[in-house]
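Structure, as structure tokens:
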Amino acid sequence: MSQTYVPIDCEFHDVLEAVAVRRRVVSITYLEESGQRKTVESRIADIYAKDAMEFMRLDDYSVIRLDLVVDVDGVDRSAFSKTCAIPARPGLSPDSQQ
């Protein structure tokens with residue numbers, strides 16, 4: 001299931017950060033590389049970005065890519081439709097200063 005990373009919704013990202021700050025054990029459902037759903041009970045120890053992707057590290061040091069998360073603590077990611085990706089503006093290059 002090695003697919004292109006799709007940035008998650010900013011509001012869902014806020015939910016993940018809030019859960020991490022509270023340091024509570026929560027139910028986390030995500031898709032494994034095989035495409036199978038897996039649910040674990042764990043604490044989110046860290047949320048970080050690496051190689052243009054975002055991940056969560058659990059307290060057992062396992063790592064989950066954020067776009068593979070289905071729900072956390074009863075909050076379903078599909079309830080959020082936008083992404084945090086910043087859309088490119090036509091005609092604007094990184095070198096242009098406006």
Side-chain angles (χ1 to χ4, degrees):
M1 171 180 250
S2 185
Q3 60 193 30
T4 303
Y5 179 78
V6 177
I8 66 167
D9 175 83
C10 294
E11 290 180 36
F12 187 65
H13 196 279
D14 291 345
V15 169
L16 298 178
E17 288 179 342
V19 169
V21 167
R22 289 186 183 106
R23 304 273 311 139
R24 291 186 307 117
V25 173
V26 295
S27 176
I28 301 167
T29 303
Y30 65 98
L31 299 176
E32 296 183 294
E33 288 294 316
S34 66
Q36 296 292 317
R37 281 182 177 226
K38 181 173 184 176
T39 300
V40 296
E41 300 287 325
S42 189
R43 285 183 182 88
I44 300 173
D46 192 17
I47 296 174
Y48 64 95
K50 180 180 178 184
D51 300 326
M53 295 181 284
E54 293 179 292
F55 301 88
M56 71 169 70
R57 182 178 53 79
L58 305 181
D59 60 356
D60 67 356
Y61 295 97
S62 60
V63 175
I64 302 170
R65 204 170 82 179
L66 295 191
D67 65 334
L68 299 179
V69 173
V70 175
D71 69 66
V72 172
D73 199 23
V75 179
D76 196 314
R77 185 171 70 100
S78 67
F80 304 88
S81 60
K82 302 170 287 182
T83 70
C84 281
I86 299 171
R89 289 179 33 198
L92 185 63
S93 70
D95 297 330
S96 66
Q97 298 291 322
Q98 294 185 356

Test side-chain contact (heavy atoms from CB on, under 4.5 Å) on L58 and R43 and set out the steps. CA-CA 6 Å; L58 305 181; R43 285 183 182 88; over 6 Å; no
Okay, side chain of D67, backbone of V6: is any donor-acceptor separation there less than 3.5 Å? yes
Do any pairs count as a salt bridge (Lys or Arg N to Asp or Glu O under 4.0 Å) and have a residue in residues 17-31, sequence neighbours left out, and if so which ones? R24-D73
Suppose we screen for side-chain contact (heavy atoms from CB on, under 4.5 Å). Which residues come up paired with D51, at least two apart in sequence or across chains? M53
Go through S42 and V26 one step at a time and tell me if the side-chain contact (heavy atoms from CB on, under 4.5 Å) criterion holds. CA-CA 6 Å; S42 189; V26 295; over 6 Å; no
Evaluate the side-chain proximity of Q3 to R65: yes if any heavy-atom separation is below 4.5 Å, no if none is. yes
Check against side-chain contact (heavy atoms from CB on, under 4.5 Å), E41 and I28: CA-CA 6 Å; E41 300 287 325; I28 301 167; over 6 Å; no
Steps toward side-chain contact (heavy atoms from CB on, under 4.5 Å) verdict (I8, L16): CA-CA 11 Å; I8 66 167; L16 298 178; 3.9 Å; yes
Got a sec, which residues hit side-chain contact (heavy atoms from CB on, under 4.5 Å) with D46, two or more places apart in sequence or on another chain? Y48, R57
Measure the CD1-CD distance between I64 and E32 for me, rounded to the nearest 0.5 Å. 9.5 Å
Do the non-hydrogen side-chain atoms of S27 and V72 ever get within less than 4.5 Å of each other? no
Rounded distance [0.5 Å steps], NE2 in H13 versus CE in M56: 9.0 Å
L66 side, atom CG; F55 side, atom CZ - distance, nearest 0.5 Å: 8.0 Å
Got a donor-acceptor contact below 3.5 angstrom from the R77 side chain to the V69 backbone? yes
Side-chain heavy atoms nearer than 4.5 Å, only ILVMFWY residues, links allowed to pass through others: does that put V25 and Y30 together? no
